[in-house]
2 protein chains.
Amino acid sequence: MKSSSRLSAVLHALMHMAAHRGPMTSEVLAQCMSTHPVVVRRTMSGLREAGLVTSTKGHNGGWSIACDMEKTTIRDIHEALGEPAVYAIANSNDAPQCLLEQAVNAALDDAMKEAEALLLARFQSLTLAQIAGDFTERLRQRHRHKDH
Amino acid sequence: MKSSSRLSAVLHALMHMAAHRGPMTSEVLAQCMSTHPVVVRRTMSGLREAGLVTSTKGHNGGWSIACDMEKTTIRDIHEALGEPAVYAIANSNDAPQCLLEQAVNAALDDAMKEAEALLLARFQSLTLAQIAGDFTERLRQRHRHKDH
DNA sequence: TTTCATGTAACTTTATCTATTACATGAAAT
DNA sequence: ATTTCATGTAATAGATAAAGTTACATGAAA
């Protein structure tokens, strides 16, 4: 399976944008995320449509955060990305005739839906501000280390 | 994302094997699962190594269940398949230097590990016998429909 | 000894995510 | 005005992983 890292990448970009005064260009963000500027634009376009970020052209242009870090959750970001599939596991057939396969699918779906609901609930309870707070905590830890 | 359907396919095969007296060939199983016999062998080899099924060559050869349906869980099957990745979502970088990215990864990992633990716990609480039981229930339902 | 069926390596196909190129649009600086 | 900077987006290429296929070896039963 090939897994997507868009959610992780976008969150990383948002953290940099939050820690930076003024817009950041796709090129700079792409360097942070070791990817291509066009990939940044493509990925961020979903967030722009959702009103979570803004982009401006020309000199001093680039990307800026346009949402409340305290209120915006990981789930909001996930939705803005188009709610990509969470699981790498899927049924081999979505509407099987075979009753045996139906029973298998029902059992798997049950378990997976429950786990997905938990994951989305956790995403919903986690704000950008909390992640930023964890960052400052890590910064403190690092400085404490250096001092001794 | 391209999701793997091996778990679903293998469970479907096991249900057919349980409902069938005597070994089933890879070719017949492949037809049930609309796939290729070699894919069946490849996929089932993990289960054979785990002792969950046996395979015999030659005339009247094929695959047979070798485990207790009451005691074998979906999680056992998942493990026998090599515990393939559950998520289609991953961090873009597993050991980032950037503290911002570390904070993002930690937040995502937390939520995802918890959801994965729940999923695996559900898998562990679900036996092959339960799925087979659900099948007979569905069969009953279908017959009831026909009778009215 | 022939036939059937698995075991497995090697290769091909297919699907999907990511990267890149190319060009259009528009805003600021000169 | 025109140049420069930066995004917007379509189109194409590359990379990767799962599934499909081919080919041939192994071994058991008829």
Side-chain angles (χ1 to χ4, degrees), chain A residues 1-10 12-13 17 20 22-50 53-66 81-93, chain B residues 1-10 12-13 17 20 22-50 53-66 81-93:
Chain A
M1 175 230 57
K2 183 163 200 174
S3 56
S4 165
S5 54
R6 274 156 65 198
L7 181 58
S8 159
V10 161
H12 183 199
M17 286 160 63
H20 188 266
M24 293 182 79
T25 66
S26 303
E27 183 142 6
V28 169
L29 288 173
Q31 278 175 351
C32 289
M33 306 153 72
S34 37
T35 183
H36 196 281
V38 173
V39 175
V40 174
R41 293 188 195 112
R42 202 152 53 198
T43 310
M44 299 291 274
S45 72
L47 303 215
R48 186 184 54 227
E49 279 162 32
V53 299
T54 55
S55 59
T56 55
K57 294 178 174 178
H59 283 87
N60 292 315
W63 298 90
S64 310
I65 287 201
L81 289 174
E83 304 194 67
V86 166
Y87 288 110
I89 297 176
N91 290 333
S92 43
N93 186 347
Chain B
M1 172 226 57
K2 179 166 201 176
S3 55
S4 165
S5 54
R6 275 156 63 196
L7 182 58
S8 159
V10 162
H12 183 198
M17 286 160 62
H20 188 266
M24 292 182 79
T25 66
S26 303
E27 183 142 6
V28 169
L29 288 173
Q31 278 174 352
C32 289
M33 306 152 74
S34 35
T35 182
H36 196 281
V38 174
V39 175
V40 173
R41 294 189 195 111
R42 202 151 56 198
T43 309
M44 299 290 275
S45 72
L47 302 214
R48 186 184 51 227
E49 280 163 32
V53 300
T54 55
S55 59
T56 55
K57 295 178 174 177
H59 283 86
N60 292 315
W63 298 89
S64 311
I65 288 202
L81 290 174
E83 303 195 67
V86 165
Y87 290 111
I89 297 177
N91 290 333
S92 43
N93 186 345

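Every chain is numbered from 1 and lettered A, B, ... according to where its sequence line falls, protein lines coming before strand lines.
Residue B:Trp63 places its side chain closer to C:dG7 than to any other of C:dG7, C:dT18, D:dT7. The side chain of A:Thr25 sits closest to D:dT7 out of D:dT7, C:dT20, C:dT18. Comparing C:dT20, C:dT6, D:dG8 by their nearest atom to the side chain of B:Ser55 picks out C:dT6. Here the nucleotide nearest the side chain of A:Asn60, chosen from C:dA22, D:dT7, C:dA29, is C:dA29.
Summarising the base pairing, D:dG27 is matched to C:dC4 through a Watson-Crick or G-U wobble pair whose two defining distances lie under 3.5 Å. In this structure, C:dA15 and D:dT16 make a Watson-Crick or G-U wobble pair, each of the two defining distances being under 3.5 angstrom.
Proximity of B:Arg41 to B:His36: side-chain heavy atoms (C-beta onward) are nowhere separated by under 4.5 Å.
Between A:Gln31 atom CD and D:dA6 atom P the separation is 12 Å, expressed in whole Å. With rounding to whole Å, A:His59 atom NE2 is found 11 Å from C:dA28 atom P. One interatomic measurement links the two molecules: CE of A:Met24 to P of D:dC5, which rounds to 19 Å at whole-angstrom precision. Regarding A:Arg41, its CZ atom lies at a distance of 16 Å from the P atom of C:dC23, rounded to whole Å. With rounding to whole Å, B:Leu47 atom CG is found 15 Å from C:dT6 atom C1'. The NE2 atom of B:His36 sits 13 Å away from the C1' atom of C:dC11 (whole-angstrom rounding). Look at CD on B:Glu27: it is 17 Å from P on C:dT3, rounded to the nearest Å. Going from atom NZ of B:Lys57 over to atom C1' of C:dG7 covers 6 Å, rounded to whole Å.
Closest non-hydrogen pair, B:Ser26 versus B:Trp63, comes out as OG-NE1, 2.9 Å. Considering all non-hydrogen atoms of both residues, A:Ser8 and B:Ala90 come closest at CB-O, 3.8 Å.
Among the heavy atoms of the strands lying under 4.0 Å from A:Thr56 are primed sugar atoms or P, OP1, OP2 only; no base atom is included. Nucleic acid contact for A:Thr35: sugar-phosphate only, since backbone atoms but no base atoms lie under 4.0 Å from a heavy atom of the residue.
DNA chain C is contacted by both B:Pro37 and A:Gly58; B:Pro37 maps to the nucleotide lying nearer its 5′ end (nearest heavy atom per residue).
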Apply side chain to side chain contact (heavy atoms under 4.5 Å, CB included) to the pair B:Leu47 and B:Leu81, showing each step before the final yes or no.
-> CA-CA 7 Å; B:Leu47 302 214; B:Leu81 290 174; 4.2 Å; yes
When you look at A:His12 and A:Met17, which way does the side chain to side chain contact (heavy atoms under 4.5 Å, CB included) test go after all the steps?
-> CA-CA 9 Å; A:His12 183 199; A:Met17 286 160 63; over 6 Å; no
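With hydrogens and angles ignored, no donor-acceptor pair closer than 3.5 Å exists between the side chain of A:Arg42 and the base of C:dT21.
Contact check, A:Ser26 against D:dT7: a side-chain N or O comes under 4.0 Å of OP1 or OP2.
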